Structures are given as structure tokens and as C-alpha cells.
Amino acid sequence: MRKQFLLTYALLSLLAFTEPASAKQAIKAQAVEAELPDVIVGAGERSEAISYQAIIKGLEAFAGHGHLAPRATPRFTLQPQQQDANLKGVTLVLATADRDINIAIDKNGVFTAPRVDARESLDARILLNRPDGAFALKPFVRTPGLPPNTRRLGDFRAICEMRWAIERDDGSIPLPTRLVAEGIGTPCRSWLVKVIFREPRPIVEVWLVSGQRREALAQERIRQDRTSFSPPLHDDSWPDDTLIELKFVEAADP
């Protein structure tokens with residue numbers, strides 16, 4: 001099953017139906033943590049196969065927010081959702097009414113979505129040779145040339161816009177939640193929502209670096225599982241070129 005936004009529903013209902021001043025006072029003390037739903041890659045006719053139209057929505061969102069990551073190319077990635085899931089032997093196919101198009105996947109599960117014409121794209125689906133729920137598909141935006149432990153804030157902002165475009169209309173987000181999220185500036189740009197991003201390795205510290213400014217990300221923005229954190233997407237005082245330096249837990253000796 002797809003994960004829903006981890007928004008406090010009662011709080012969002014309060015925002016929707018109270019006067020603006022009251023709503024602002026009610027939420028002043030704490031932002032709402034949210035995780036965009038995982039898009040589960042299906043394996044066959046009866047699976048939750050991903051519509052190619054969803055991919056198009058993500059690519060269009062990137063095109064509309066290309067200034068966030070001007071040197072990056074929008075791609076997608078397969079992320080394991082089960083403990084025993086791995087990429088060995090994985091194949092990914094874009095299935096249209098007329099043909100199947102094999103999609104090349106790199107060793108990290110990253111791939112570029114193939115382009116097909118408008119007619120083919122209508123009923124096209126993304127299929128994986130793994131059981132439903134083994135992997136989730138997520139947008140991947142990474143400015144080239146960065147060290148392995150470094151990310152870029154604008155890249156995260158672009159990823160968020162792509163995921164919001166993919167998920168907002170597909171029914172996985174309740175309508176009241178979606179309307180309220182859009183009313184406060186969408187999850188990608190509102191201080192009320194802390195959008196969660198995951199890393200494959202446990203995190204010790206996260207640092208934000210912009211010019212001479214260097215600050216540690218508050219520990220409250222690193223989740224207890226230590227593989228998820230919430231960068232300040234909403235904070236315009238950190239420009240898109242802000243670097244995010246991740247310090248990971250060192251791997252134990254075999």
C-alpha cells in the first residue's frame with residue numbers, strides 16, 4: 001500500500017475550517033512533518049503499475065522549476081521497500097499498447113525515463129520484474145560534480161516539486177489534505193510542512209553551507225531512524241546553491 005502523507009489530519013482540518021488568525025495561532029508552535037507517498041512499482045497486469053502519465057507529470061514539473069537545478073537532468077530511481085529487496089537481476093520495462101521498451105538501470109537503481117509519442121503514452125505503464133511492494137519509484141535530481149556525501153538544496157526542492165506533481169491528483173492524498181497543503185503554499189515551499197528525504201546509510205550530522213555561512217541542521221530535522229531528514233526547503237535565506245554535507249555512520253569492519 002502507498003504511504004499517505006504523515007500530516008496530522010485533525011490539524012489540517014482545523015486549518016481548513018477556522019479563521020486564518022486562529023489557524024495561524026493554532027500551528028504557530030510546531031510545523032507538521034510530512035512524507036510524500038511512495039509510488040510503488042508493479043509487476044504485472046493486476047499490479048499497481050505506474051502510469052507513464054505520472055512520469056510525464058514529474059518531468060513537466062521539473063521543466064517548470066528548472067531554475068532550482070539548472071545543471072541537473074531529471075531522472076528516477078528505484079528504492080528498495082523490503083529488507084530482502086536488491087537490484088540484482090532487476091529489469092524495468094515501459095509497456096505500451098504496441099511494444100515493450102527496456103529501460104537501463106544503473107547500479108544505484110537510477111534511470112532515465114524513455115520518451116514516447118503522445119499516442120503511445122496514453123496507456124503506457126512502468127513494470128518491474130519484482131513483486132508489488134518490493135520497490136518504490138521516486139524522482140532523482142542530482143547536480144553533477146558534487147562529492148558523494150554532498151547534496152544541493154535546489155535539487156531537493158526540484159525533487160519535491162516532481163513528487164508533488166506525480167502524487168497530488170492520483171487519489172493517494174485525501175482531497176482535504178491536498179487542498180490545505182496547496183493553500184499553505186504546497187508541501188515544497190511551506191514552513192508548516194517538513195518534507196522528509198531518505199538516504200541509504202545512517203546519518204550522524206547534516207550541515208548547510210552557503211558561502212561563508214555554515215550551520216548544522218537541527219537534530220529535530222533528522223528522524224530517529226537516522227536515514228531520513230528534512231532540509232529547509234521553505235527557507236529562502238538558504239539559496240538553491242546551498243550545499244548539504246552529510247556525515248554518515250562509518251561502516252563496521254567485516
Side-chain angles (χ1 to χ4, degrees), residues 1-7 12 31-42 48-70 72-81 92 103 105 108-113 125-126 128 133-143 151-200 221 223 225 227-235 240 244:
M1 298 294 293
R2 296 180 179 180
K3 294 181 181 178
Q4 302 292 331
F5 263 94
L6 302 180
L7 297 175
L12 290 175
V32 181
E33 186 175 274
E35 185 166 5
L36 296 176
D38 287 337
V39 183
I40 302 301
V41 187
E48 299 180 40
I50 299 172
S51 166
Y52 185 72
Q53 293 298 313
I55 298 293
I56 291 176
K57 288 180 180 179
L59 294 175
E60 289 178 344
F62 182 87
H65 296 84
H67 62 282
L68 298 174
T73 298
R75 294 180 289 170
F76 297 86
T77 184
L78 297 174
Q79 292 190 356
Q81 300 296 291
L92 195 62
I103 302 174
I105 311 169
N108 298 313
V110 178
F111 65 94
T112 299
R125 298 177 302 151
I126 300 288
L128 185 73
F135 287 87
L137 182 150
K138 298 182 180 181
F140 181 91
V141 177
R142 185 74 56 83
T143 295
R151 309 289 181 261
R152 186 177 168 279
L153 186 57
D155 295 355
F156 280 128
R157 286 169 173 159
I159 290 171
C160 185
E161 295 293 351
M162 291 177 71
R163 294 197 67 186
W164 178 241
I166 290 171
E167 292 292 331
R168 63 184 294 274
D169 294 325
D170 76 347
S172 64
I173 302 172
L175 179 60
T177 301
R178 178 168 61 83
L179 293 176
V180 171
E182 291 178 337
I184 60 177
T186 82
C188 303
R189 299 300 291 177
S190 174
W191 68 271
L192 297 176
V193 180
K194 294 190 292 184
V195 181
I196 304 302
F197 293 87
R198 299 180 189 177
E199 290 290 333
R221 285 187 168 269
R223 298 180 78 184
D225 63 7
T227 62
S228 307
F229 70 103
S230 174
L233 303 184
H234 68 286
D235 189 347
D240 294 330
I244 300 176

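Keep in mind the model is a prediction, meaning the values are calculated, not measured.
Atom CG of Asp235 is separated from atom CH2 of Trp191 by 12.5 Å, given to the nearest 0.5 angstrom. Summarising the geometry, atom CG belonging to Asp155 is positioned 9.0 Å from atom CZ belonging to Phe140; distances are rounded to the nearest 0.5 Å. Between atom NE2 of residue His234 and atom SG of residue Cys160 there is a gap of 12.5 Å, rounded to the nearest 0.5 Å. Taken from CG in Leu92 to CG in Leu137, the straight-line distance is 7.5 Å, to the nearest 0.5 Å. The CD1 atom of Ile103 sits 7.5 Å away from atom CD1 of Ile105, with the distance rounded to the nearest 0.5 Å.
A pairwise comparison of heavy atoms in Ser230 and Ile196 identifies CB-CD1, 4.0 Å as the closest pair. A pairwise comparison of heavy atoms in Ile166 and Ala54 identifies CG1-O, 3.2 Å as the closest pair. Across all non-hydrogen atoms, the minimal contact from Leu78 to Pro80 is O-CD, 4.0 Å. Minimum interatomic distance between Leu68 and Arg152 (heavy atoms only, all atoms of both residues): O-NH1, 2.6 Å. Shortest non-hydrogen contact noted between Ala72 and Phe62 is O-CZ, 3.6 Å. Between Leu233 and Cys188, the closest heavy-atom pair is CB-O, 3.4 Å.
Considering Glu161, Arg157, Met162, Arg163 in turn, Arg163 is the only one that fulfils the side-chain contact (heavy atoms from CB on, under 4.5 Å) rule with Ile159.
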Please step through side-chain contact (heavy atoms from CB on, under 4.5 Å) for the pair Ser228 and Arg198, ending with a clear verdict.
CA-CA 4 Å; Ser228 307; Arg198 299 180 189 177; 3.6 Å; yes

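Using cut-offs of 30° and 60° on the angle between ring planes, the pair Phe229 and Phe156 is perpendicular.
Asn108 contributes no side-chain N or O that, together with a main-chain N or O of Val110, makes up a donor-acceptor pair within less than 3.5 Å.
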